[in-house]
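Remember, it's a predicted structure, so these values are computed and weren't measured experimentally. Residue numbers start at 1 and run along the sequence shown.
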Amino acid sequence: MKKVLITGTTGMVGKGVLIECLEDPKITSVHIINRRSLQIKHPKLKELLLTDFSQLNTIEQQLENYDACFYCMGISAVGLNEEKYTEITFNITKNFADILYKKNPSMVFNYVSGTGTDSSEKGKIMWARIKGKTENYIFKKGFSDAYAFRPGMIIPEKGIKSRTNWYRYIYFILTPFFPLIKLSKNVTTTTNIGKAMIHSLFQHSSEKILHNKEINQLSNTQTYSIG
């Protein structure tokens, strides 16, 4: 039985992870951190509100005794310079990882990154370098286990909708084709990401970077071993 902390549940991926955690009996307690309330009531759910994520230290004492952090919080790099994107993507995540490691060194830390992330941190694409830097920091921190989820195309399920207008339009157009699209091993769903996150708590793997194919495989069986 596991107690998990989730960030980014106002977004499409984070909400999918939250739904699976609430539905799975192996997860006994779900705590979420948001800037605004989700207005969801559930016996397993506790919500911590934090308007400024750079002030995580103010709720540090409430971040103890977790088995996992599912870090689904993120932002598009569109319109942001490297300094601002680094502050939001790397610095805030680093602060989360530092505090959670101090309080829960034996936890599993799963970070939602993205396909195309640059692990070398030296490429020309700004967002990819910063995401790679963030992944690398989490891997080196010392948690009992850590994974970088790099989803590509994601199909929303269970009533979940993207907060991005043009994504919602694309999904609306593609909805009739979802059953066919989901047959591809290179396409994943919000459901599969959530299940894969949960299953990562019960089996460890030397493969730490998971793309859609690996996410789908991990979501389908708790005994699946990557690599």
Side-chain angles (χ1 to χ4, degrees), residues 1-34 37-50 59 61-74 96-97 100-101 103-113 138 143-151 154-161 178-179 182 185 187-208 210-227:
M1 301 301 181
K2 303 293 184 180
K3 178 181 178 181
V4 303
L5 174 70
I6 311 174
T7 70
T9 55
T10 58
M12 187 177 79
V13 172
K15 188 167 290 185
V17 173
L18 171 61
I19 288 172
E20 297 311 311
C21 287
L22 293 178
E23 292 181 352
D24 196 310
K26 296 185 296 301
I27 306 299
T28 56
S29 180
V30 182
H31 289 191
I32 59 177
I33 302 180
N34 287 323
S37 177
L38 281 184
Q39 301 296 323
I40 294 177
K41 301 296 183 181
H42 192 282
K44 292 200 297 189
L45 182 63
K46 178 181 179 181
E47 187 174 50
L48 300 174
L49 297 181
L50 186 66
I59 60 170
Q61 298 307 315
Q62 300 181 62
L63 302 178
E64 294 181 302
N65 302 315
Y66 289 98
D67 298 295
C69 174
F70 297 156
Y71 195 96
C72 306
M73 185 169 64
F96 260 85
L100 289 178
Y101 182 73
K103 297 292 185 179
N104 315 273
S106 63
M107 73 164 17
V108 175
F109 196 108
N110 286 348
Y111 174 66
V112 176
S113 185
I138 292 168
F143 293 106
S144 68
D145 210 355
Y147 297 90
F149 280 62
R150 293 187 182 180
I154 306 169
I155 293 177
E157 295 184 322
K158 299 185 178 180
I160 295 173
K161 295 181 179 179
F178 278 174
K182 285 193 291 186
K185 63 184 179 182
V187 175
T188 194
T189 66
T190 52
T191 300
N192 283 357
I193 293 174
K195 289 183 180 298
M197 288 264 186
I198 294 169
H199 293 174
S200 73
L201 305 184
F202 300 93
Q203 55 188 43
H204 299 282
S205 167
S206 60
E207 180 59 61
K208 302 305 179 186
L210 309 178
H211 294 89
N212 280 358
K213 179 181 177 181
E214 292 80 22
I215 291 170
N216 292 338
Q217 290 174 316
L218 184 56
S219 73
N220 286 331
T221 172
Q222 296 181 38
T223 60
Y224 173 76
S225 178
I226 304 170

**Request:** Using modelled atom types only, decide if a donor and an acceptor are shared between the side chain of Thr190 and the backbone of Pro156 within a distance under 3.5 Å.
**Result:** no
**Asked** Looking at Ser106 and Ser144, what are the two nearest heavy atoms and their distance?
**Response** O-OG, 2.7 Å
**Complete:** Between the CZ atom in Phe109 and the CD1 atom in Ile138, the distance rounded to the nearest 0.5 Å is 4.5 Å
**Fill in**
Residue set satisfying side-chain hydrogen bond (donor to acceptor under 3.5 Å, both in side chains) with Ser113, at least two apart, ordered chain then number -> Thr117, Glu135
**Asked** Would you find a donor on one side and an acceptor on the other, under 3.5 Å apart, between the side chain of Thr28 and the backbone of Lys2?
**Response** yes
**Asked** Given Tyr147, which of Glu207, His204, Met197 fulfils the side-chain contact (heavy atoms from CB on, under 4.5 Å) condition?
**Response** His204
**Item:** For Gln39, side chain to side chain contact (heavy atoms under 4.5 Å, CB included) partners two or more places apart
**Value:** Ser37
**Asked** Does the side-chain contact (heavy atoms from CB on, under 4.5 Å) test come out yes or no for Leu201 and Phe70, once each step is laid out?
**Response** CA-CA 11 Å; Leu201 305 184; Phe70 297 156; 3.9 Å; yes
**Prompt:** Is there a side-chain contact between Asp67 and Val108 (heavy atoms, below 4.5 Å)?
**Reply:** no
**Complete:** d(Leu38 CG, Glu47 CD) to nearest 0.5 Å is 5.0 Å
**Request:** Using modelled atom types only, decide if a donor and an acceptor are shared between the side chain of Asn104 and the backbone of Leu63 within a distance under 3.5 Å.
**Result:** yes
**Item:** Distance-minimising heavy-atom pair for Ile27 and Cys21
**Value:** CB-O, 3.5 Å
**Item:** Stepwise side-chain contact (heavy atoms from CB on, under 4.5 Å) check, Val4 with Ile198
**Value:** CA-CA 9 Å; Val4 303; Ile198 294 169; over 6 Å; no
**Prompt:** Excluding sequence neighbours, so at least two apart, what forms salt bridge (charged side-chain N to carboxylate O under 4.0 Å, His left out) with Lys208?
**Reply:** Asp145
**Message:** Using the rule given for side-chain contact (heavy atoms from CB on, under 4.5 Å), can you reason through Val17 versus Ile193, listing the C-alpha separation, both sets of side-chain angles and the distance that settles it, and then say yes or no?
**Reply:** CA-CA 7 Å; Val17 173; Ile193 293 174; 4.1 Å; yes
**Prompt:** Looking at residues at least two apart in the chain, or sitting in another chain, which of them share a side chain to side chain contact (heavy atoms under 4.5 Å, CB included) with His211?
**Reply:** Thr115, Arg150, Ile209, Glu214
**Message:** Go through it in stages, so that I can follow the logic: the residues are Ile32 and Ile40, the test is side-chain contact (heavy atoms from CB on, under 4.5 Å), and I'd like the CA-CA distance, side-chain angles, deciding distance and then a yes or no.
**Reply:** CA-CA 11 Å; Ile32 59 177; Ile40 294 177; over 6 Å; no
**Request:** Determine the minimum heavy-atom distance between Leu48 and Gln62, stating which atoms define it.
**Result:** CD2-OE1, 3.0 Å
**Prompt:** Which atom pair, heavy atoms only, marks the closest approach of Ala196 to Leu218?
**Reply:** O-CD2, 3.5 Å
**Message:** Just to verify, what does Tyr66 make a side-chain hydrogen bond (donor to acceptor under 3.5 Å, both in side chains) with, not counting sequence neighbours?
**Reply:** His31
**Message:** Taking the side chain as everything from C-beta on, heavy atoms only, tell me whether Phe96 gets closer than 4.5 Å to Ile33.
**Reply:** yes
**Asked** Residues two or more places apart in sequence or in another chain: which of them pass side chain to side chain contact (heavy atoms under 4.5 Å, CB included) with Lys158?
**Response** Ile19, Glu20, Glu23, Thr191
**Request:** Search all heavy atoms of Pro25 against all heavy atoms of Met1 and return the closest pair with its distance.
**Result:** O-SD, 3.4 Å
